[in-house]
Each structure stands twice: as C-alpha cells, then as structure tokens.
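Below is one structure, written out as structure tokens; the observations come after it.
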Amino acid sequence: MPPENETTAFLVKIGISILGVIAGIGAKLASMQKVKPITWVDVVVNSAIAFAAAYFVWAVLETTGHQNLSTICSVICGRYADDVLSMGWKMGKKILTNLNDEIKDKD
C-alpha cells in the first residue's frame, strides 16, 4: 500500500535510511570483532560517527537534488562512516581553497 501523503513518505524514507545505517554499523562492528572484542564505547562511537556521516551525505544529496540515492548510500555511510566524513572534509577544504584563490585573483 503506497504512502498516503508526503509526510508519511518522508518518514518511510527516513526509517529505511536509519535501518540501512544500522545494517552498515553492524557490518563494521562485525569486522572489528574479528580483530578485537568490541565494547559499548565502540558501539556508541561508531554509531555517532555513522549517523553524522549519513546526515552529511543526506544533506549533500538533498542539496544536489538526488534524494532518491540517500537510502542506498545509508548502508555505505554506516560501514565506511569515517572515510565518508574525511572525504567530505577534504572536498570542503578543496572547495574553500579554490574559492579563496578565485577571490584573490579578482583583487
């Protein structure tokens, strides 16, 4: 049965994204468990980082008009959250550096 209105559709998309992030976190914690036993601190820290990465990716996709990809990217954000955030930081830094160079060239 399709969602009745936009709010319900949005909540369904958010729910699917959250489940995707949780699945990604589970995959990362499973790989961490093979190396050393995980603790609750590991779970909390990795969950916070994963949800921060998922929000960052969702905001970028929402801004660029590719909202339909956010549910697919949620699992990637859960599994590779630290890499996603570091890549986002590097891209943001590069954009600001290029913008600063353009402003200096105009002066």
Side-chain angles (χ1 to χ4, degrees):
M1 188 158 112
E4 296 177 8
N5 58 24
E6 288 184 25
T7 305
T8 306
F10 179 73
L11 292 175
V12 168
K13 287 180 185 179
I14 293 295
I16 292 171
S17 294
I18 289 172
L19 289 175
V21 172
I22 291 171
I25 292 169
K28 180 162 186 159
L29 292 175
S31 67
M32 287 174 59
Q33 179 69 23
K34 291 179 182 179
V35 176
K36 68 176 183 84
I38 58 173
T39 62
W40 281 105
V41 174
D42 294 330
V43 173
V44 171
V45 168
N46 283 305
S47 298
I49 293 171
F51 280 105
Y55 179 76
F56 169 72
V57 170
W58 175 80
V60 169
L61 291 174
E62 187 75 24
T63 303
T64 59
H66 296 93
Q67 305 91 318
N68 53 349
L69 297 175
S70 64
T71 55
I72 297 167
C73 294
S74 64
V75 177
I76 296 168
C77 290
R79 177 66 176 95
Y80 301 105
D82 47 351
D83 296 328
V84 169
L85 287 177
S86 66
M87 184 180 70
W89 173 255
K90 288 176 185 176
M91 284 177 51
K93 200 166 128 180
K94 185 181 287 187
I95 289 170
L96 290 175
T97 303
N98 290 341
L99 191 62
N100 187 30
D101 291 344
E102 286 181 19
I103 291 171
K104 284 183 179 179
D105 288 342
K106 287 184 180 180
D107 290 341

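Looking at residues two or more places apart in sequence or on another chain, you find no side chain to side chain contact (heavy atoms under 4.5 Å, CB included) involving V35. Under the side-chain hydrogen bond (donor to acceptor under 3.5 Å, both in side chains) criterion, K90 pairs with no residue, sequence neighbours left out.
Within 6.0 Å of NZ in K94 there are 12 or fewer heavy atoms belonging to other residues, nucleotides or ligands.
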Quick one: side chains of residues 9-30, donor-acceptor pairs under 3.5 Å with protein atoms, not counting sequence neighbours, listed by atom name and distance.
unit_1	atom_1	unit_2	atom_2	d
S17	OG	K13	O	3.0
K28	NZ	D82	OD1	3.3
K28	NZ	D82	OD2	3.4

Can you give each donor-acceptor pair under 3.5 Å made by side-chain atoms of residues 46-66, sequence neighbours left out, with the distance rounded to 0.1 Å?
unit_1	atom_1	unit_2	atom_2	d
N46	ND2	D42	O	2.8
S47	OG	V43	O	2.7
T63	OG1	A59	O	2.7
T64	OG1	V60	O	3.0
T64	OG1	L61	O	3.3
T64	OG1	H66	ND1	3.2
H66	ND1	T64	O	3.3

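Counting only heavy atoms from C-beta outward, the side chains of L69 and I72 approach each other to under 4.5 Å.
Other cluster members for L96: none, since no ILVMFWY side-chain heavy atom sits under 4.5 Å from it. Clustering of Ile, Leu, Val, Met, Phe, Trp and Tyr by side-chain heavy atoms under 4.5 Å joins Y80 with I76. Counting side-chain heavy-atom gaps under 4.5 Å among Ile, Leu, Val, Met, Phe, Trp and Tyr, the cluster of M91 also holds M87.
Among residues at least two apart or in separate chains, there is no salt bridge (Lys or Arg N to Asp or Glu O under 4.0 Å) pair with a member in residues 14-26.
Here the closest non-hydrogen pair linking I38 and M32 is CG2-CB, 3.9 Å.
Atom CG of residue N100 and atom CG of residue D105 lie 9.5 Å apart, to the nearest 0.5 angstrom.
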